[in-house]
Structures are given as C-alpha cells and as structure tokens.
Amino acid sequence: MKTIKLKKIKEIIFNILTYSFVAISLVMLILCIFSKKDNDGAVSLFGYQMRIVISESMEKNELTYNDIKRYHIKNIPVKSLVLIKTVPDNINKKLKFYSNLNIGDVITFRYLIGTKQETITHRIIDIGNNEFGKYIDLQGDNIVLSDNISTSIQHININDENSPSYVIGKVIGKSYILGVILFAIKKPLGMF
C-alpha cells in the first residue's frame, strides 16, 4: 500500500516538473521570437525592457535607507533583473509618461560620462524646469561608493532632443533571483 502511494507521489512530482519545464520553455521561446535587443543588449518586449544591474549604486546603504524605505523600489543589488516601462514613441504618450514621474521613482537612462555613454539606473531626486524645459536630477541610493558615479548627480533635460543623455524608462519591478539566473545563463557554463 505504501509503495503504491510512494509511486503516485513520484509520478505527481515528475508531472509537475515536466509541465513546469514545458511552460518555462514556451515562455522562453515566445520571448526569443517576439523580443528584440537594443544597441546595448537589453531585451525589449511590448514596451518593456529587462536589464541586469551591474553596479552597486542602488544597493542598500545605511545612510540613505531611512530616506528611501517609503518607496516601492529600493535596494537593487548587483545582478538584479529590473523590469522597465519604456518611454513611448508617441509624443502625447511621451508627455503623459514624463508628467507621471515623481521624486523617488527609479528610472533607467543613458548618460554621457566623459566620452563614454553609460546605461544607469538611479532614483529621481529633483524635477524642475530650465531653459530647455523639464529636467530631472538623479542619484544612486548607495552614496558612499568609491567610483563616485553614485555620489554625483546626473542631470537630464527631457526636452533637449540633441542631448546624448536621455531616459529609457521607469523601473516598475525587480527580482534578484531571476537576475542571478539570467546572469548565470549568459555565461558559457550557464548556457551548458
């Protein structure tokens, strides 16, 4: 009697694992078919992007944690996957997107540092207007990094079409576990 129950349990576990594998494979196949990569390797699908964070600039920091703990997005460790709602191409939708940004939101953007353009994910610390129109100032939460990328403030003029610095989109979710899995898959051993 116990062997029959044990056999049924093994069969159920095998079926769950098989169906899970098939479901994950189908999702990955759909992502591969319908997604596209932009010029810096981010996967885009239906107005969203997925990126892996490679810097410590948004990790938890005791000096700033009390200031940011009220926000939805906080403590983004290295190798986390962030889900980004990209800025729409349509001018009216783009204006609405920017009008919905608030201080405390986390966005991903391209920023010119010296002669190299970097993709950065930081928090909005100020929104205002200047001679170019609307601007946003950004800074990482981990303000004690030695590389000074996080301690400095990045300034983006939203309406300056000729600027090499621009917003990619707003971070709406994050997952450390999925990020680590995807990061591992990108490595040769992970692909195997």
Side-chain angles (χ1 to χ4, degrees), residues 31-32 34-59 61 64 67-68 71-174 179 182-183 186:
L31 284 174
C32 288
F34 292 107
S35 67
K36 59 183 178 182
K37 287 189 175 185
D38 67 1
N39 56 357
D40 65 340
V43 175
S44 296
L45 183 67
F46 305 122
Y48 293 88
Q49 277 190 7
M50 293 175 281
R51 292 178 177 267
I52 305 272
V53 174
I54 58 170
S55 159
E56 308 164 332
S57 66
M58 289 298 290
E59 287 188 347
N61 180 305
T64 58
D67 297 333
I68 62 164
Y71 299 124
H72 173 66
I73 304 290
K74 54 188 167 280
N75 189 25
I76 306 174
V78 173
K79 298 182 185 171
S80 293
L81 174 81
V82 289
L83 179 63
I84 303 160
K85 173 67 177 144
T86 57
V87 177
D89 292 331
N90 177 290
I91 190 70
N92 291 328
K93 290 180 180 179
K94 186 184 284 191
L95 291 172
K96 184 174 180 175
F97 176 89
Y98 284 125
S99 69
N100 288 328
L101 290 178
N102 296 303
I103 292 174
D105 288 343
V106 176
I107 65 170
T108 299
F109 57 100
R110 297 284 285 165
Y111 196 75
L112 191 64
I113 299 174
T115 59
K116 188 175 180 193
Q117 195 176 34
E118 299 282 344
T119 302
I120 303 171
T121 298
H122 279 174
R123 188 175 307 282
I124 297 174
I125 59 169
D126 189 29
I127 299 174
N129 290 298
N130 60 18
E131 67 273 11
F132 294 108
K134 191 171 187 175
Y135 73 85
I136 53 177
D137 287 338
L138 302 121
Q139 187 175 35
D141 292 345
N142 192 1
I143 61 170
V144 292
L145 291 176
S146 60
D147 64 7
N148 283 339
I149 291 174
S150 183
T151 57
S152 64
I153 295 173
Q154 295 82 41
H155 182 85
I156 297 178
N157 291 308
I158 294 171
N159 301 98
D160 185 1
E161 297 291 327
N162 298 320
S163 175
S165 301
Y166 58 90
V167 176
I168 294 171
K170 179 180 174 182
V171 175
I172 59 169
K174 66 179 177 91
L182 288 174
F183 188 81
K186 286 184 172 186

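- We find the OH-OG1 distance between Tyr111 and Thr119 to be 14.0 Å, quoted to the nearest 0.5 Å.
- With hydrogens and angles ignored, the 3.5 Å screen pairs no side-chain donor or acceptor of Ser165 with any backbone N or O of Ile156.
- Heavy-atom neighbours of Asp89 CG from other residues, nucleotides or ligands within 6.0 Å: at or below the threshold of 12.
- Shortest non-hydrogen contact noted between Tyr48 and Leu83 is CB-CD1, 4.0 Å.
- The shortest side-chain heavy-atom distance between Gln49 and Thr108 does not fall under the 4.5 Å cut-off.
- Within the 3.5 Å criterion, the main-chain N or O of Val78 finds no donor-acceptor partner in the side chain of Glu56.
- Here the closest heavy-atom approach between residue Val82 and residue Val53 is recorded as CG1-CG2, 3.8 Å.
- Lys174 contributes no side-chain N or O that, together with a main-chain N or O of Pro77, makes up a donor-acceptor pair within less than 3.5 Å.
- Atom CD1 of residue Ile103 and atom OH of residue Tyr71 lie 7.0 Å apart, to the nearest 0.5 angstrom.
- Looking at Asp160 and Tyr135, their side chains never bring a donor and an acceptor atom within 3.5 Å of each other.
- What you find for Arg123 and Gly104 is that their closest heavy atoms are NH1-O, 2.6 Å.
- The side chain to side chain contact (heavy atoms under 4.5 Å, CB included) test with Ile107 singles out one residue from Ile84, Leu101, Val171, Ile73, and that residue is Leu101.
- Pairing each heavy atom of Ser99 with each of Lys96, the nearest pair is OG-O, 2.8 Å.
- Residues Ile124 and Asn102 fail the side-chain proximity criterion, which asks for heavy atoms closer than 4.5 Å.
- Between the side chain of Glu118 and the backbone N or O of Ile113 there is no donor-acceptor pair closer than 3.5 Å.
- With Lys134 contributing its side chain and Tyr98 its backbone, the two residues share a donor-acceptor pair below 3.5 Å.
- Considering CG of Asn159 and CG of Asn129, their distance stands at 8.5 Å, rounded to 0.5 Å.
- Closest heavy-atom contact between Phe97 and Lys85: CE1-O, 3.6 Å.
- One finds the NE2 atom of His155 at 11.0 Å from the CD1 atom of Ile125 (value rounded to the nearest 0.5 Å).
- Within the model, atoms CD1 of Ile120 and CD1 of Ile54 stand 10.0 Å from one another, a figure rounded to the nearest 0.5 Å.
- Taking CD1 of Ile172 as the start and NE2 of His72 as the end, the distance is 8.0 Å to the nearest 0.5 Å.
- The minimum heavy-atom distance linking His122 with Leu138 is given by the pair O-CD2, 3.8 Å.
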